[in-house]
Amino acid sequence: MDDNLSIRLAYSDDIPVMVKLLSELFTIEDDFTINTENQSRGLALLLENSHSIVLVAERDNNVVGMITLQRVISTAMGEYVGTIEDVIVTQECRGLGIGTKLLESAIDEADQRQWGRLTLGVDLRNTKAIDFYKKYGFSTSHIGLMYRSS
């Protein structure tokens, strides 16, 4: 693992670089549209929410990856659970173990908060990502995501 890599909680000063990371992610996934104003606002809301966690990967003092987690209540589980979103490592830093470190850190954060389960959405065409998540105990579900915008 890279000695110049650290995983830390994100700060509001990180929003501009995280918006760039989200733009990179949204070019991979067809379901989302790049709108820097919306993404900035969403990140600010996450950072203000005590039930959300935003982690960034910093390499050589540059933010090169991120992951977000949000706490929700599962009636099926009867407890708090977490939803993982926005997992991205910038293209030039992929393959260096940064995604692994981000995901492990997110799982540790959820475990510390005693969230009973973690859920994440993944583009079903992205088999590389699916295989990656399966290494950490995630399994596919028969439940799919649907969206409705107001």
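- Residues passing the side chain to side chain contact (heavy atoms under 4.5 Å, CB included) test with Ala57 are Leu5, Ile7, Val64, Ile98, Leu102, sequence neighbours excluded.
- Side-chain N/O atoms of Arg41 and Asn38 include a donor and acceptor closer than 3.5 Å.
- Separation of atoms CD1 (Ile88) and CZ (Phe26) is listed at 9.5 Å; rounding is to 0.5 Å.
- Atom CE of residue Met18 and atom CG of residue Leu46 lie 8.5 Å apart, to the nearest 0.5 angstrom.
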In a table with atom names and distances, give each donor-acceptor pair under 3.5 Å that connects a side chain of residues 133-146 to protein atoms at least two apart or in another chain.
unit_1	atom_1	unit_2	atom_2	d
Tyr136	OH	Glu104	OE2	3.3
Ser141	OG	Ile143	N	2.9

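- Here side-chain hydrogen bond (donor to acceptor under 3.5 Å, both in side chains) pairs that include residues 121-130, with residues two or more places apart or in two chains, are Asp30-Arg125, Asp123-Arg125.
- Taking both residues in full, the closest heavy atoms of Ile67 and Ala106 are given as CD1-CB, 3.7 Å, listed atom of the first, atom of the second, then distance.
- Every residue two or more places apart in sequence or in another chain that forms a side chain to side chain contact (heavy atoms under 4.5 Å, CB included) with Glu58 is listed here: Ser6, Arg8, Val63.
- Apart from Met77 itself, the hydrophobic cluster it occupies contains Val72, Val81, where clustering links Ile, Leu, Val, Met, Phe, Trp and Tyr at side-chain heavy-atom distances under 4.5 Å.
- Sorted pairs that involve residues 66-83 and meet salt bridge (charged side-chain N to carboxylate O under 4.0 Å, His left out), not counting sequence neighbours, are lacking altogether.
- Looking only at side-chain heavy atoms (C-beta outward), Ile84 and Leu103 come within less than 4.5 Å of each other.
- Expressed to the nearest 0.5 Å, how far CD1 of Ile28 lies from OG of Ser23 amounts to 11.5 Å.
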Verdict with reasoning, Val89 to Leu96, per side chain to side chain contact (heavy atoms under 4.5 Å, CB included):
CA-CA 10 Å; Val89 173; Leu96 301 176; over 6 Å; no

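- Heavy atoms of other residues, nucleotides or ligands lying less than 6.0 angstrom from CZ of Phe132 number more than 12.
- Between Ala10 and Leu47, the shortest heavy-atom distance links the atoms O-CD2, 3.6 Å.
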In residues 109-118, what donor-acceptor pairs under 3.5 Å come from side-chain atoms, sequence neighbours left out?
unit_1	atom_1	unit_2	atom_2	d
Glu109	OE1	Arg113	NH1	2.4
Glu109	OE1	Arg113	NH2	3.4
Arg113	NH1	Glu109	O	3.3

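- Taking CG of Leu69 as the start and OG1 of Thr119 as the end, the distance is 11.0 Å to the nearest 0.5 Å.
- In this structure, Ser105 OG and Ile107 CD1 are separated by 9.5 Å, a value rounded to the nearest 0.5 Å.
- Among pairs with a residue in residues 83-97, those fulfilling salt bridge (charged side-chain N to carboxylate O under 4.0 Å, His left out) read Glu24-Arg94, at least two apart in sequence or across chains.
- Leu55 and Leu45 end up in different hydrophobic clusters when Ile, Leu, Val, Met, Phe, Trp and Tyr side chains are linked at under 4.5 Å.
- For Asp108, there are no side chain to side chain donor-acceptor pair (under 3.5 Å) partners two or more places apart in sequence or in a different chain.
- We find the CG-CZ distance between Leu22 and Phe32 to be 10.0 Å, quoted to the nearest 0.5 Å.
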